[in-house]
Colleague: 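First the structure, then my questions, so here it is.
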Amino acid sequence: MKRSYPSGAEKKKQRKEKEEKRKKDSGSLLTFLRPKNPGKDNVPPPIPDDENFPSTSTSSSTAVCQPPAQEDQTDDQTSISTADTDDFPSRPEGEELISADPAQWPSILSHTKLCQLVTRGPIQVKDMAFSQNTDKTPRRFKKEYYDMTMKNGDKIQRRWLMYSVSTDSVFCFACKLFGKLDSSLTKGGFRNWKNIAGHLKEQEHSKTHHTNMMSWQELNRRLKTKTAIDQMNQDLMHLEVEHWRGVIHRVIAIICHLAERNQGLRGHTEALYDPHNGNFLAQVELMAQFDPFMNEHVRRIQTKQTKVHFLSNDIQNEIISLVGGKISEEIARQVKGAKYFSVIMDCTPDTSHTEQLSIVLRVVKCEPSVGASISEHFPGFVAFQDTTGRGLCETLLEKLVEHQRLPWTVLRQWKQHDGT
């Protein structure tokens, strides 16, 4: 008789495929989040191409704060299941990111990407050790080339000059975007450091360079003053970007709210406005009644205007994993800064007869203004096989090495001496 359910090998294969897909999509949600603390160089994140964003509709800017209609709920329910995530990736499929490296830009730029690059402006790499070439007398690019020295000693910044880390060459920002003729500063980059001073001087006196600089400044001025011809499209694109950022922030807030109270996220079904869909979708439905972002998002899902909704169980698991990683980093930071800390460990088998080791860290903080204080943190469970004292000690040492609390040489010496 043919088996009506998958075998153990098939289940194992399905779990492996799902885990590989989860690792592949891990971290992709961070693309849509704006960092709170910019880096040292204040380099903005790559700009997503709006061509792969869900379709922009006029209703995105005029969302009404009221719950979506529930008529014919049985026929029009929107199912959000695991199978849907194959069609709904965590980032729109085919999306390309514009790098800060000019050598990585596509040869043909769309008008949208051109406007995005002009708005962002050229990013000059300065705080790095530039590599030397293989000439008889090795030379390298210097950050002093970003400035032009006048005869009276004054310096004028070459804002148009950009350095490519991937190709070890320099490009002209204006000629790269607006130039119609191929040159060493537009196509492959200029890397002849012996003659770079003369070449930059020749570039500055070039008529083509002046024309491209005027085109750059004109477009930049129109974008800042919102007087460009396609300003309506620019405004719609900005609204679309802000919409998706707002949706993701609200999804993360709902997941953190439920996780802090140790409440389950999913229910028996994964359809919006189903009484058995679980706490997460119920919170989404509640927020959609009062929040314009979530109201518009739910409306797009129900009217099938978008296939990317960020409400599936894979997205929930990824957000939980990302938030858990940040919490673990904060715990490790506090342990590293503490003078005294202790470890409490205990293990017990779960329903699958796998030994689960629970680790609790007790940290002692000594602050002059507050005094001594004790706090306990639970980093999580660790699955392991060896339940002996030596196995527990090795697991602890591996975790300490993983969080850079202990040098890896101590663990190597421990294993070489067989734990004695």
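Please read these numbers as outputs of a predicted model, since none were measured by experiment. Computation of the quantities below employed the complete heavy-atom set of this structure, encompassing side-chain atoms and omitting hydrogens, waters and symmetry-equivalent molecules.
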Colleague: Going through the distances and angles, do Gln104 and Ser166 end up as a side-chain hydrogen bond (donor to acceptor under 3.5 Å, both in side chains)?
Modeller: CA-CA 8 Å; Gln104 305 295 330; Ser166 60; 3.1 Å; yes

Colleague: When rounded to the nearest 0.5 angstrom, what is the spacing between CZ in Phe310 and CD1 in Ile301?
Modeller: 10.5 Å

Colleague: Are the side chains of Phe178 and Val118 in touch, meaning some heavy atoms are under 4.5 Å apart?
Modeller: yes

Colleague: Restricting to non-hydrogen atoms, name the atom on Pro138 and the atom on Asn133 that form the minimum distance, rounded to 0.1 Å.
Modeller: CA-OD1, 3.4 Å

Colleague: Taking all non-hydrogen atoms of both residues into account, name the closest pair between Met162 and Phe173 and its distance.
Modeller: SD-CD1, 3.3 Å

Colleague: Within the structure provided, determine whether Gln203 and Cys175 are in side-chain contact (heavy-atom separation under 4.5 Å).
Modeller: yes

Colleague: Is the closest side-chain heavy-atom distance between Val251 and Phe280 below 4.5 Å?
Modeller: yes

Colleague: Do Asn295 and Gln289 make a side-chain contact, defined as non-hydrogen atoms from C-beta onward lying under 4.5 Å apart?
Modeller: no

Colleague: I need the minimum non-hydrogen distance between Val165 and Asp101, along with the two atoms involved.
Modeller: N-OD2, 3.5 Å

Colleague: Between His257 and Arg261, do the side chains contain a donor N or O and an acceptor N or O under 3.5 Å apart?
Modeller: yes

Colleague: Do side-chain atoms of Ser321 reach the backbone of Asn317 as a donor and acceptor pair under 3.5 angstrom?
Modeller: no

Colleague: Could you grab the distance from atom CZ of Phe190 to atom CG of Leu200, nearest 0.5 Å is fine?
Modeller: 7.5 Å

Colleague: How close do Arg120 and Ala100 get, heavy atom to heavy atom, and via which atoms?
Modeller: NH2-CA, 3.8 Å

Colleague: Are Gln157 and Gln124 packed together at the side-chain level, in the sense that at least one heavy-atom pair is separated by less than 4.5 angstrom?
Modeller: yes

Colleague: Out of curiosity, Asn279 CG to Arg266 CZ, how far, rounded to the nearest 0.5 Å?
Modeller: 12.0 Å

Colleague: Do side-chain atoms of Asn212 reach the backbone of Ala174 as a donor and acceptor pair under 3.5 angstrom?
Modeller: no

Colleague: Could you walk me through whether Arg333 and Glu330 satisfy the salt bridge (Lys or Arg N to Asp or Glu O under 4.0 Å) test, starting with their C-alpha distance in whole Å, then the side-chain angles of each, then the deciding distance to 0.1 Å, before giving a yes or no?
Modeller: CA-CA 5 Å; Arg333 188 190 65 80; Glu330 178 62 22; 2.5 Å; yes

Colleague: Determine whether Arg140 and Ser131 satisfy the following criterion, side chain to side chain contact (heavy atoms under 4.5 Å, CB included), listing intermediate values before the conclusion.
Modeller: CA-CA 6 Å; Arg140 69 179 70 189; Ser131 58; over 6 Å; no

Colleague: Does CZ belonging to Arg159 count more than 12 external heavy atoms closer than 6.0 Å?
Modeller: no

Colleague: Would you check, one step at a time, whether the test side chain to side chain contact (heavy atoms under 4.5 Å, CB included) holds for Lys142 with Trp193?
Modeller: CA-CA 9 Å; Lys142 300 178 182 178; Trp193 308 130; over 6 Å; no

Colleague: Side chains of Phe381 and Thr348, heavy atoms from C-beta outward: is any pair under 4.5 Å?
Modeller: no

Colleague: Compare all side-chain heavy atoms of Arg299 with those of Gln305 and state whether any distance is below 4.5 angstrom.
Modeller: yes

Colleague: Closer than 4.0 angstrom, basic N to acidic O: yes or no for Arg222 and Glu218?
Modeller: yes

Colleague: Quick check: Phe171 with Trp160 (ring centres under 6.0 Å apart)?
Modeller: no

Colleague: State, without any angle test, whether Gln14 and Glu10 hold a side-chain donor-acceptor pair at a distance under 3.5 Å.
Modeller: no

Colleague: Please round to the nearest 0.5 Å and tell me the distance separating atom CD1 of Ile315 and atom CD1 of Ile320.
Modeller: 11.5 Å

Colleague: Only pairs under 3.5 Å count here: list side-chain donor-acceptor contacts from residues 358-366, not counting sequence neighbours, and write none if there are none.
Modeller:
unit_1, atom_1, unit_2, atom_2, d
Ser358, OG, Asp346, O, 3.1
Arg362, NE, Glu376, OE2, 2.8
Arg362, NH2, Glu376, OE2, 2.4

Colleague: Please list, chain by chain and in numerical order, all residues satisfying side-chain hydrogen bond (donor to acceptor under 3.5 Å, both in side chains) with His276, sequence neighbours excluded.
Modeller: none

Colleague: Begin from the C-alpha positions of Arg158 and Asp147 and carry the test side chain to side chain contact (heavy atoms under 4.5 Å, CB included) through to its verdict.
Modeller: CA-CA 5 Å; Arg158 295 188 175 107; Asp147 298 326; 5.9 Å; no

Colleague: Give me the ring orientation class for Tyr163 and Phe141: parallel if the planes are under 30° apart, tilted from 30 to 60°, perpendicular past 60°.
Modeller: parallel

Colleague: Please enumerate all residues that pass side-chain contact (heavy atoms from CB on, under 4.5 Å) together with Glu355, with sequence neighbours excluded.
Modeller: Cys347, Pro349, Phe384, Thr387

Colleague: Is any side-chain heavy atom of Lys194 closer than 4.5 Å to one of Arg139?
Modeller: yes

Colleague: If you take all heavy atoms of Val323 and Cys256, which pair is closest and at what distance?
Modeller: CG2-SG, 4.1 Å

Colleague: Please name the pair of heavy atoms, one in Glu285 and one in Leu272, separated by the smallest distance, quoted to 0.1 Å.
Modeller: OE2-C, 3.5 Å

Colleague: Please answer whether the main-chain N or O of Asn192 pairs with a side-chain N or O of Asn195 as donor and acceptor at a distance below 3.5 Å.
Modeller: no

Colleague: Mind checking the CG-OG1 spacing from Leu219 to Thr119? Nearest 0.5 Å is all I need.
Modeller: 7.5 Å

Colleague: Just say parallel, tilted or perpendicular for the rings of His297 and His243, cut-offs at 30° and 60°.
Modeller: tilted

Colleague: As an exercise, state the distance from CD1 of Ile319 to CD1 of Ile255, rounded to the nearest 0.5 Å.
Modeller: 3.5 Å

Colleague: Run Ile254 and Leu265 through side chain to side chain contact (heavy atoms under 4.5 Å, CB included) and show every step you take.
Modeller: CA-CA 10 Å; Ile254 292 174; Leu265 274 72; over 6 Å; no

Colleague: Report the C-alpha distance between Asp291 and Arg250 in whole Å, list the side-chain angles of each, state the deciding distance to 0.1 Å, and finish with yes or no for salt bridge (Lys or Arg N to Asp or Glu O under 4.0 Å).
Modeller: CA-CA 10 Å; Asp291 182 71; Arg250 284 155 178 77; 2.7 Å; yes

Colleague: Assess whether salt bridge (Lys or Arg N to Asp or Glu O under 4.0 Å) is satisfied between Glu296 and Arg300, documenting all intermediate values.
Modeller: CA-CA 6 Å; Glu296 170 66 12; Arg300 292 186 185 185; 3.0 Å; yes

